[in-house]
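To keep things clear, I will list the structure first and then write my remarks on it.
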There are 2 protein chains.
Amino acid sequence: MSEPFEALVRARLQDADQRYTTGRQALVKVLGGAQRPLTAAEIVEVGDLAQSSAYRNLAVLEACGVVHRVSSTDEFARFELAEDLTDHHHHHLICAGCGDVADFTVPDRLESMLAEVAAELTASGDFAVEDHRFDLVGRCRDCQARASA
Amino acid sequence: MSEPFEALVRARLQDADQRYTTGRQALVKVLGGAQRPLTAAEIVEVGDLAQSSAYRNLAVLEACGVVHRVSSTDEFARFELAEDLTDHHHHHLICAGCGDVADFTVPDRLESMLAEVAAELTASGDFAVEDHRFDLVGRCRDCQARASA
DNA sequence: ATTTATGCAAATCGTTTGCAAACCT
DNA sequence: AGGTTTGCAAACGATTTGCATAAAT
């Protein structure tokens, strides 16, 4: 567990007067090892910690800007490391069939345009943009196969 | 209640062997009168129908492609009329403070680019895009004022 | 007449919380 | 020691569901 972002995580927690406990390290490790947002159930299973601790620590990590919450089409919240820790700006493919979420990236010229629109809106004063979501909702390969079966 | 889309709604329900009952008409009317997605609680209050009926009918209307479910940052689902009924393609400004959702539109050249990316992905076969979401998360005017107070 | 929708109250289930024991500094 | 975190079990709350009645065709 010597990921490049470990030090950053520690710093962010310290800034918020929070400890970087074993449980929290486990969460960061699990999320850092996944290449897609995970549900609380998945995290609990792999991370080997109580459900309540998982939720409580995810909340702490979210408040410190370490973890980001992702919503899908199903009833489960999903969690991933904040983008500025992984340095991997991405968007989500959300499967309307199974709820699974996968990461994907878009061309730079599209990102610039998204940023431009956001900047204009913030400049207007009506809405201060903090983040953008560009998600595609559809069917993953598995659910396409399932539908045509 | 003679909105231009009333006939379309009726047709869609009929296609799914569903009745266009008074309760469902009330829901469509309420959603048609709002210029933003509404929570179930808001709908129940204005629409004067039981909560269970509201949820059940929203589910039916959603399955028929009449209503669209929108997720925000809070725990409440929000509902709006499907875009192809209102003929008003738009995106959402999601307030991270109060959870409120407002509609907004983006320049055509951005929409084309979004569509292009979606089409490429679908062509690849890995993911069949059915819909895109471009949402901006931030602070509405009220929550900006509240934060600086 | 028969099928479907309604309202009420109870159940469901992801998530949150109270509390006593274990942990860190 | 003093404050924080943990795990368990109970509570919470938005949404769903069972069932008897009312409405629609």
Side-chain angles (χ1 to χ4, degrees), chain A residues 9-10 12-31 37-64 66-80 98-101, chain B residues 1 9-31 37-64 66-80 98-101:
Chain A
V9 172
R10 194 175 296 276
R12 276 187 203 186
L13 284 169
Q14 226 149 40
D15 285 352
D17 283 314
Q18 293 284 352
R19 297 177 185 168
Y20 196 20
T21 61
T22 323
R24 290 172 191 176
Q25 287 173 33
L27 286 178
V28 170
K29 186 180 179 185
V30 169
L31 292 178
L38 301 179
T39 62
E42 290 172 322
I43 294 170
V44 165
E45 184 174 15
V46 178
D48 188 41
L49 75 175
Q51 199 175 50
S52 59
S53 300
Y55 278 112
R56 257 192 289 237
N57 286 323
L58 285 167
V60 169
L61 293 171
E62 192 183 6
C64 296
V66 172
V67 160
H68 187 76
R69 188 182 295 248
V70 177
S71 73
S72 173
T73 52
D74 60 21
E75 61 266 21
F76 307 102
R78 285 169 170 77
F79 303 87
E80 65 184 5
C98 62
D100 238 42
V101 180
Chain B
M1 191 167 29
V9 172
R10 194 175 294 275
R12 277 188 201 185
L13 284 168
Q14 225 148 40
D15 285 352
D17 283 314
Q18 293 285 354
R19 297 176 185 168
Y20 195 22
T21 61
T22 323
R24 291 170 190 178
Q25 288 174 31
L27 287 178
V28 170
K29 186 178 177 183
V30 169
L31 293 178
L38 301 178
T39 62
E42 290 173 322
I43 293 170
V44 166
E45 184 174 16
V46 179
D48 187 41
L49 75 175
Q51 201 175 49
S52 60
S53 300
Y55 278 111
R56 258 191 289 236
N57 286 323
L58 285 167
V60 170
L61 293 170
E62 193 184 4
C64 296
V66 172
V67 159
H68 187 76
R69 188 182 294 249
V70 177
S71 74
S72 173
T73 53
D74 60 20
E75 61 267 22
F76 306 103
R78 285 168 172 77
F79 303 86
E80 65 184 3
C98 62
D100 238 42
V101 179

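Sequence lines set the chain letters: A, B, ... in the order given, protein chains first and strands last, and positions in each chain run from 1.
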**Complete:** Nearest heavy-atom contact between B:Y20 and B:Q25 is O-NE2, 3.0 Å
**Prompt:** Is the closest side-chain heavy-atom distance between B:F79 and B:L27 below 4.5 Å?
**Reply:** no
**Prompt:** Think A:Q18 has a side-chain N or O under 4.0 angstrom from the OP1 or OP2 of D:dT5?
**Reply:** yes
**Length of the CG-P vector between B:L49 and C:dA5, whole Å** = 14 Å
**Prompt:** Looking only at heavy atoms, which two atoms of A:C64 and A:A16 are closest? And how far apart?
**Reply:** SG-CB, 3.6 Å
**Complete:** From CG of A:L61 across to C1' of D:dT5 the rounded distance in Å is 13 Å
**Request:** Take the protein atom CD of B:Q14 and the nucleotide atom P of D:dA24, then report the distance between them rounded to whole Å.
**Result:** 16 Å
**Message:** Between A:L13 and A:L61, is there a side-chain heavy-atom distance shorter than 4.5 Å?
**Reply:** yes
**Fill in**
Whether each nucleotide of nucleotides 17-25 of chain C has a protein heavy atom under 4.0 Å at its base (B), only at its sugar-phosphate (S) or at neither (-) is summarised, 5' to 3', as BBB------
**Prompt:** Tell me: CZ of A:R78 to C1' of C:dG14, nearest whole Å?
**Reply:** 12 Å
**Prompt:** How close do B:V30 and B:G47 get, heavy atom to heavy atom, and via which atoms?
**Reply:** CG2-CA, 3.8 Å
**Request:** Figure out the CD/P separation between B:E42 and D:dT15, and round it to whole Å.
**Result:** 12 Å
**Fill in**
Closest non-hydrogen contact found for B:R78 with B:S72 is NH1-CB, 3.4 Å
**Whole angstrom value for the distance that separates C1' of C:dG7 from CG of B:N57** = 12 Å
**Message:** Output the rounded distance in Å from CG (B:L13) to P (D:dA24).
**Reply:** 15 Å
**Prompt:** Between B:R24 (side chain) and B:R19 (backbone), is there a donor-acceptor pair under 3.5 Å?
**Reply:** yes
**Request:** Describe the nucleic acid contact of A:A59 in one word from base, sugar-phosphate, nothing, applying a heavy-atom distance below 4.0 Å.
**Result:** nothing
**Request:** Look at all strands and tell whether A:A41 reaches a base, only sugar-phosphate, or nothing, counting heavy atoms closer than 4.0 Å.
**Result:** nothing
**Prompt:** Heavy-atom count around A:E62 CD within 6.0 Å, excluding the residue itself: above 12?
**Reply:** yes
**Complete:** Students should find that the end-to-end axis angle of the helix from C:dA1-D:dT25 to C:dT25-D:dA1, with five pairs defining each axis and rounding to 10 degrees, is 30°
**Message:** Expressed as a whole number of angstroms, how long is the span from B:D74:CG to D:dA14:C1'?
**Reply:** 11 Å
**Asked** Any sub-3.5 Å donor-acceptor pair from A:R69's side-chain atoms to A:L58's backbone N or O?
**Response** no
